[in-house]
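Notes to accompany the following structure.
For ligands, and for the atoms within them, numbers begin at 1 and follow the listed sequence. These figures come from a predicted structure and were not determined experimentally.
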Amino acid sequence: MPLALRVTLTAIVWSVAIATHLMLSVAAGGAIVLVSLLAIAATAWLWGGAVGLAVGVAVGAAEGDLIRTQLAIGALPELVRAGHLFVPVTFGLIGLALGSTSTLRRQIRVHRDASDRAQYDVLTGLLNRSTFEARLEEWMRTAAADRPPMFAVLFVDLDRFKFVNDTFGHDVGDHLLRSIARTLRDNVRDEDIVARVGGDEFVIALRGLRDRETAAVIAEKLVKLLSAPFDVDGRAITVSASIGIAVYPRDGESVTALTKSADYAMYAVKSGGKNAFNFSTAEMRVSQTRRLDLERALRNALHDNELELVYQPQVSLDDGRLVGLEALLRWNSRELGLVSPTEFIPIAEEAGLIVPIGHWLLREACFQIRTWQAYGFADLKVAVNVSTLQFRQPEFLKQVTEAVADSRIDPAMLEIEITESVLIDQFELAVQTLRRLDRMGVRTALDDFGTGYSSLAYLQRLPIGTLKIDRSFIAGLTLSPTGQSGSVVPIIDAMTAMGRKLGKTIVAEGVETEAQARYLAQIGVDRAQGYLYSKPLTAAKADALLRGLVRAGSAAKRPSSRPVTSNSDAIVLMRD
Ligand code: C2E
Ligand code: MG
Ligand code: MG
């Protein structure tokens, strides 16, 4: 056979063999052996002499047996002619056997790894969520045979894990998680299930419980163990854990329901101060269900036009003229009715929905300002509440710039209200953002002043124009017509004096009585907002109020220092 043909045939045989090998290696080991065997046999047939020679020389030389080497060389033509292909075939088979067993071994390992990954959490070696759920389902099917048919699910969430991760890095965090996993596993019985179901979330299922108390005893032990310092690379790291307990079948008859109940109970521990355990209750489940209903409905609220802004007037305590309005969000859900912002805004924040909602309402308010600006209310300010999450978004400033530009308003008519929570952890970033707003000509106000992170040091450095004394202080201002009373008086006095010294405009929220208004005016509060003047008004009503003021000739095209209206006018109109 000509050499060229031999080379071509060999190339074809091996191409087919390798391609088939690759395809089959995904499926099964046995077929690979067969394909490889055929390829070796074909090669041996095509190149038998040469391979035999090479092997014979190599073996002979290795053994120093020159005679056998020469024999091999000399016998080669004979062997080929006689069709003795046993040397190359034998060596081919040995190679093949070695190769395929290592392939097989590798395949078995890959297979085992894949099934481990499907069952276990790679980091801690505990079960993962899906295996946990499958085992729990199995327990539910067989629980009827237990006396009593009861078991508990403990939802364990670490309290300070994010802090550890952020401060010491992920390696330390991972190490800590492994130690915690070991602690959990070592402190329950072998037949109990321990799984990791999220970053720092673990679940434990305890079977064969005589009563709920047993679960409480174990939870208490775990809380104590997890609050002790862990040694991570020579560093003592302390976290703690919040544990929620749900008992089957009382707190849920499906895996999802039972786990959720434990999760809600854990949340209750978190909001109650952490580092403890709590049993699931029916009230928790109801409030969580409400929360989930709200979140689900809120996802469509913007799209379904269920959100609306209302506007609450602010008056000058000097002369009673209308100096501003605060835009307040309202949600009239088709499904759930009117929902208070104090209820849905925290949910919108947690679900990340506040960012698109906040963007929408900022633009909505700016276009409303545009209308009122056209009426001639040049010195009117419209305050927009901005949640901390929205304020910290990198796009926030761009959104404000665009809203102002698109609506073509005087930026000084827009006042951004933030709360003290934007200052926590990220003070410098907040200062920067506030400075940029100031450079754009947009006003800024600190809402709910006095209820949060108030510190005199930060206040002095804060580039903010207005302080809004929180409603809770004003509510405590119970003044008789003859004199003043209430323990909040010195606080309100001090906040006002300090704010004025720092050059801030002071606004009092929640002013409900004439006596409060008089007192606040007397101590130098600049503006007031509250039911005494007006409840929040729909955009249409606020618009009618402003148009009324224009008609009364008290607004349009006036220099900004002149009163827009008299206090009594405003009150009469607003109380409509
Ligand atoms: P806030 O910004 O401090 O708004 C003042 C709240 O006090 C408003 O409640 C207002 O209706 C109420 N209020 C005003 N005057 C009086 C009064 O004389 N007496 C009493 N009892 N209450 C008065 P509302 O509209 O229910 O809003 C509650 C909170 O929800 C707001 O407090 C604010 O933190 C948040 N919120 C409202 N709208 C928005 C919004 O558009 N965006 C964001 N991020 N938060 C908003
Ligand atoms: Mg506000
Ligand atoms: Mg407020």
Side-chain angles (χ1 to χ4, degrees), residues 294 298 301-302 306-315 324-332 338-366 368-369 381-393 396 399-400 403 414-422 443-452 454 464-478 495 505-517 520 525 527-539 541-542 571 574-575:
L294 284 171
L298 198 54
L302 197 54
E306 293 177 350
L307 297 175
E308 165 189 20
L309 282 179
V310 293
Y311 297 87
Q312 187 177 32
Q314 278 178 9
V315 301
L325 297 114
E326 177 177 7
L328 294 159
L329 192 56
R330 292 292 175 264
W331 177 25
N332 194 356
L338 207 62
V339 188
S340 159
T342 48
E343 187 178 14
F344 76 80
I345 284 178
I347 294 172
E349 283 175 341
E350 261 178 53
L353 293 167
I354 197 69
V355 175
I357 291 176
H359 186 200
W360 166 81
L361 75 84
L362 177 70
R363 294 184 68 83
E364 183 81 4
C366 285
Q368 184 60 72
I369 294 173
K381 279 185 264 316
V382 175
V384 173
N385 292 280
V386 170
S387 102
T388 294
L389 204 73
Q390 188 190 357
F391 186 80
R392 287 181 175 173
Q393 289 281 308
F396 174 64
Q399 290 179 351
V400 177
L414 175 66
E415 186 170 65
I416 298 288
E417 269 187 27
I418 55 163
T419 58
E420 288 167 76
S421 62
V422 304
R443 314 285 174 122
T444 49
L446 188 62
D447 204 357
D448 306 342
F449 179 55
T451 57
S454 310
I464 207 149
T466 299
L467 298 181
K468 295 188 80 176
I469 300 177
D470 190 62
R471 182 149 57 90
S472 57
F473 295 105
I474 310 299
L477 200 56
T478 46
M495 285 199 283
T505 303
I506 314 292
V507 178
E509 292 184 316
V511 178
E512 294 188 356
T513 66
E514 297 278 3
Q516 286 171 338
L520 294 164
V525 171
R527 297 191 248 156
Q529 176 183 342
Y531 295 171
L532 172 64
Y533 309 100
S534 171
K535 290 206 162 178
L537 306 168
T538 60
K541 281 203 171 141
I571 291 171
M574 289 175 215
R575 279 179 177 167

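- Between the Mg ion (ligand 3) and D448 there is an N/O/S contact shorter than 2.8 Å.
- The pair R527-E415 meets the salt-bridge criterion, since a charged nitrogen lies less than 4.0 angstrom from a carboxylate oxygen.
- Put simply, the angle at the Mg ion (ligand 3) from OE1 in E509 to OD1 in D447 is close to 110°, to the nearest 10°.
- The P536 neighbourhood of ligand 1 comprises atoms 11 (O), with distances under 4.0 Å to a heavy atom of that residue.
- Taking every non-hydrogen atom of Q312 and a distance limit under 4.0 Å, the qualifying atoms of ligand 1 come out as 10 (C), 14 (C), 15 (N).
- In summary, the atoms of ligand 1 found under 4.0 Å from a heavy atom of E509, numbered by their order in the structure, are 3 (O).
- Near G530, meaning under 4.0 Å from one of its heavy atoms, ligand 1 places the atoms 15 (N), 18 (O).
- Listed by number with element, the atoms of ligand 1 under 4.0 angstrom from any heavy atom of D448 are 3 (O).
- Within the 4.0 Å heavy-atom criterion, the part of R330 lying near ligand 1 is the side chain and not the backbone.
- At a heavy-atom distance under 4.0 Å, only side-chain atoms of E326, from C-beta outward, approach ligand 1.
- Counting heavy atoms from C-beta outward, T466 and L446 have side chains that stay 4.5 Å or more apart.
- Close contacts between ligand 1 and S387 involve ligand atoms 44 (N) [criterion: under 4.0 Å to a heavy atom].
- For atom 26 (O) of ligand 1, the nearest protein heavy atom is under 4.0 Å away.
- Under 4.0 angstrom from ligand 1, there are no non-hydrogen atoms of L532.
- The shortest distance between side-chain heavy atoms of V400 and V386 does not fall below 4.5 Å.
- At a threshold of 2.8 Å, the Mg ion (ligand 2) has no backbone or side-chain N, O or S atom of T419 nearer than that distance.
- Distance check for E417 against the Mg ion (ligand 3): none of its N/O/S atoms falls below 2.8 Å.
- Within E326, the N/O/S atom positioned nearest the Mg ion (ligand 2) carries the name OE2.
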